[in-house]
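Written out below as structure tokens is the structure these notes cover.
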Amino acid sequence: KIAKECEGRLALAERLTIGLASEYERWGAEIDELKKIQGTMIGDVLLSASFVSYIGAFGSNFRIDLCEHHWITDLQSRGIPLTPNVDVVKLLTKEAHIAE
């Protein structure tokens, strides 16, 4: 009886260890992704905050012109890192909301 209980506990411990190993891999991949994003976060957030504060209510042509031809150029000239080919709308929304 004791041996059977130990076998059951051992099986549970093995499943837990395997589950934690896969989580470790997933967390490692997430950390790598966050490190990549960290370098451009300042510029992306600055651009997004500007968009929401100043031009969110205007038409798309005006927003695109101001973002791409003025703000992004200005950020780059000041050496503020941002994601290449950044799309502010994608930064501020989720894919599901864009699809709607």
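Everything numeric here is computed off the predicted structure, so don't read it as measured data. What's counted below: heavy atoms across the whole structure, side chains too, no hydrogens, waters or symmetry copies. Residue numbers run from 1 in the order of the sequence given.
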Pairwise side-chain contact, Q76 with I80, heavy-atom cut-off 4.5 Å (strictly under): no

Set of ring pair (Phe, Tyr, Trp, His ring centres under 6.0 Å) partners for F62, sequence neighbours left out: F58

Side chain to side chain contact (heavy atoms under 4.5 Å, CB included) partners of E23, counting only residues at least two apart: R26, W27

Qualifying salt bridge (Lys or Arg N to Asp or Glu O under 4.0 Å) pairs, either residue in residues 47-57, two or more places apart: none

Distance-only donor-acceptor pairs under 3.5 Å for side chains of residues 39-51, two or more places apart:
unit_1	atom_1	unit_2	atom_2	d
T40	OG1	I37	O	3.3
T40	OG1	T83	OG1	3.2
D44	OD1	T83	N	2.9
D44	OD1	T83	OG1	3.3
D44	OD2	T83	OG1	2.5
S48	OG	D44	O	2.8
S50	OG	L46	O	2.8

Members sharing Y24's hydrophobic cluster (side chains within less than 4.5 Å): none

Contacts of type side chain to side chain donor-acceptor pair (under 3.5 Å), residue D74, not counting sequence neighbours: R78

Greater than 12 external heavy atoms within 6.0 Å of N85's CG: no

Give the table of side-chain donor-acceptor pairs shorter than 3.5 Å for residues 2-18, with sequence neighbours excluded, one pair per line with atom names and distance.
unit_1	atom_1	unit_2	atom_2	d
T17	OG1	A13	O	2.8

All side chain to side chain donor-acceptor pair (under 3.5 Å) counterparts of H70, not counting sequence neighbours: none

Cluster check V86, I64: I/L/V/M/F/W/Y, side chain < 4.5 angstrom: no

Residue pairs involving residues 51-66 (criterion side chain to side chain donor-acceptor pair (under 3.5 Å); sequence neighbours excluded): D65-H69

Remaining members of the apolar cluster that contains L34, side-chain heavy atoms under 4.5 Å: none

Atom pair CG (L66) and CD1 (I55), whose distance is rounded to the nearest 0.5 Å: 4.5 Å

